Asker: 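First the structure, which I've put down as structure tokens, then a few questions once you've had a look.
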Amino acid sequence: MTTLEMAKTLLQDAHETLGGTMEGVTDEIANWQPEGKALSVAAAYAHTVVSEDMLLNTMVRKAPLLSDQGWAVKMGLSEPHPAMGETWEQDFSAWVKNVRVDSEKLQSYGKAVFAQTEQYLSELSEEDFLNTTIDLSGWGMGNYPLWRFVHRFIIGHTDNLTGEISAVKGMQNLKGYPF
């Protein structure tokens, strides 16, 4: 098995686990706001899918976001996900407490984002996957290998937020992970 084949399998696993964790999530479950700093299911899921769209398209593919191609009005967010920038932390903190979702619409957008990412990886060669770099100097990380970027910022991010969603579902006395 190549490194790229492993990444594709791990990405599919992350997407499937997130999808299974979101199964049966209604708007009421998604929009329930836990105490403290924990994200609602709505905020965690929206952040997962919007981030994957942004990371893949703006940083890797240099292509328009899916959310800019007709999805913005039909993705089910009460307000847009904040963009990266100087006020990111403040904007994100406010957004996670205020955002409400139409869970069904947002999950449709998520499926489109996941399909696009999986398609992108299926079109890469092993050599490109291992030798391409992403400029993360704005994050203080310099040129970052694509293989590591995919594992850390797409697969790892999805897995981390799936865990948060599972925990918040547990706080609502619901089953979290699908297994």
Side-chain angles (χ1 to χ4, degrees), residues 10-60 65-68 71-114 116-117 134 136 138-141 144 148-179:
L10 292 172
L11 180 66
Q12 288 172 339
D13 288 349
H15 288 160
E16 287 173 8
T17 302
L18 177 57
T21 302
M22 288 297 294
E23 231 171 79
V25 169
T26 63
D27 293 350
E28 181 181 357
I29 294 165
N31 293 310
W32 179 79
Q33 188 64 53
E35 291 184 31
K37 293 186 177 193
L39 303 181
S40 66
V41 169
Y45 185 78
H47 179 60
T48 304
V49 297
V50 172
S51 293
E52 187 167 320
D53 188 6
M54 288 192 304
L55 291 169
L56 177 71
N57 287 309
T58 61
M59 301 180 88
V60 177
L65 301 173
L66 279 180
S67 61
D68 292 340
W71 276 103
V73 295
K74 62 180 182 177
M75 65 197 292
L77 293 179
S78 63
E79 56 188 87
H81 188 284
M84 294 295 285
E86 288 183 31
T87 61
W88 160 255
E89 286 185 38
Q90 293 168 245
D91 296 344
F92 186 73
S93 292
W95 179 81
V96 299
K97 294 299 181 189
N98 296 323
V99 71
R100 298 295 175 262
V101 302
D102 176 317
S103 196
E104 190 174 313
K105 287 181 180 178
L106 186 58
Q107 288 184 58
S108 292
Y109 165 68
K111 288 176 185 173
V113 169
F114 299 159
Q116 181 183 52
T117 307
I134 308 301
L136 295 185
W139 294 1
M141 297 179 179
Y144 208 81
R148 189 173 176 191
F149 183 87
V150 167
H151 281 276
R152 182 172 186 192
F153 295 111
I154 296 181
I155 299 168
H157 193 242
T158 299
D159 284 337
N160 292 342
L161 286 161
T162 300
E164 289 192 38
I165 291 167
S166 181
V168 172
K169 285 180 70 180
M171 293 169 72
Q172 296 178 72
N173 206 30
L174 300 167
K175 181 180 178 186
Y177 291 118
F179 37 79

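Please read all numbers here as calculations on a predicted model, not as lab measurements. If you read the sequence from its start, that first residue is 1, and numbering goes on from there. Computed from heavy atoms alone, side chains included, the values below leave out hydrogens, waters and symmetry copies.
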Asker: If you take all heavy atoms of Gln107 and Val25, which pair is closest and at what distance?
Answerer: NE2-O, 4.2 Å
Asker: Do other residues, nucleotides or ligands put more than 12 heavy atoms under 6.0 Å from the NZ atom of Lys111?
Answerer: no
Asker: Compare all side-chain heavy atoms of Phe114 with those of Leu18 and state whether any distance is below 4.5 angstrom.
Answerer: yes
Asker: Where the side chain of Trp95 meets the backbone of Pro80, is there a donor-acceptor pair that is under 3.5 Å apart?
Answerer: yes
Asker: Over 60° means perpendicular and under 30° means parallel, so tell me whether Phe149 and Phe153 are parallel, tilted or perpendicular.
Answerer: tilted
Asker: Looking only at non-hydrogen atoms, find the nearest pair between Val101 and Asn31 and report the distance.
Answerer: N-OD1, 2.8 Å
Asker: If I take atom OG1 from residue Thr158 and atom CD1 from residue Ile165, how far apart are they, to the nearest 0.5 angstrom?
Answerer: 9.5 Å
Asker: Can you give me the closest heavy-atom contact between Pro34 and Ser40, atom names plus distance?
Answerer: CD-CA, 3.8 Å
Asker: So does Gln90 get a backbone contact from the side chain of Thr87, meaning a donor-acceptor N/O pair under 3.5 Å?
Answerer: no
Asker: What's the verdict on side-chain contact (heavy atoms from CB on, under 4.5 Å) for Arg100 and Gln33, showing C-alpha distance, side-chain angles and the deciding distance?
Answerer: CA-CA 10 Å; Arg100 298 295 175 262; Gln33 188 64 53; 4.1 Å; yes
Asker: Under a 3.5 Å distance rule, please check whether Asp53 uses its side chain to pair with a backbone N or O of Val49 as donor and acceptor.
Answerer: no
Asker: Can you tell me how far CG of Leu106 sits from NZ of Lys74, rounded to the nearest 0.5 angstrom?
Answerer: 13.5 Å
Asker: Evaluate the criterion side-chain contact (heavy atoms from CB on, under 4.5 Å) for residue pair Leu39 and Tyr45; output intermediate values, then yes/no.
Answerer: CA-CA 9 Å; Leu39 303 181; Tyr45 185 78; over 6 Å; no
Asker: Can you measure from CD (Glu104) to OG1 (Thr26) and round to the nearest 0.5 angstrom?
Answerer: 11.5 Å
Asker: NE2/His47 to CZ/Phe92 distance, rounded to the nearest 0.5 angstrom?
Answerer: 4.5 Å
Asker: About how many Å separate NZ of Lys175 and OG1 of Thr21, when rounded to the nearest 0.5 Å?
Answerer: 9.0 Å
Asker: side-chain contact (heavy atoms from CB on, under 4.5 Å) between Met59 and Trp139: does it pass, once the steps are laid out?
Answerer: CA-CA 12 Å; Met59 301 180 88; Trp139 294 1; 3.8 Å; yes
Asker: Of all heavy-atom pairs between Ala38 and Lys97, which one has the smallest distance, and what is that distance?
Answerer: O-NZ, 3.7 Å
Asker: Is Ile134 close to Arg148 at the side-chain level, that is, under 4.5 Å between some pair of heavy atoms?
Answerer: no
Asker: So, for Met75 and Ser67, which heavy atoms are closest and what is the spacing to 0.1 Å?
Answerer: SD-CB, 4.1 Å
Asker: Evaluate the side-chain contact (heavy atoms from CB on, under 4.5 Å) criterion for residues Val150 and Val60: first the C-alpha distance (whole Å), next the side-chain angles of each, then the deciding distance (0.1 Å), finally the verdict.
Answerer: CA-CA 10 Å; Val150 167; Val60 177; 6.0 Å; no
Asker: Starting at CG of Leu66, measure out to CD of Gln116 and round the result to the nearest 0.5 Å.
Answerer: 4.0 Å
Asker: To check you understand the geometry: which heavy-atom pair defines the closest contact between His81 and Ala46, and what is its length?
Answerer: CD2-O, 4.4 Å
Asker: Please confirm whether the backbone N or O of Thr162 pairs with a side-chain atom of Ser166, one donor and one acceptor, at under 3.5 Å?
Answerer: no
Asker: A side-chain contact here means heavy atoms from C-beta on lying under 4.5 Å apart; do Tyr177 and Thr17 qualify?
Answerer: yes
Asker: Quick one: does Ser51's side chain get under 4.5 Å of His157's, heavy atoms only?
Answerer: yes
Asker: Please check this pair: side chain of Asp102 against backbone of Asp27, looking for a donor-acceptor N/O pair closer than 3.5 Å.
Answerer: no
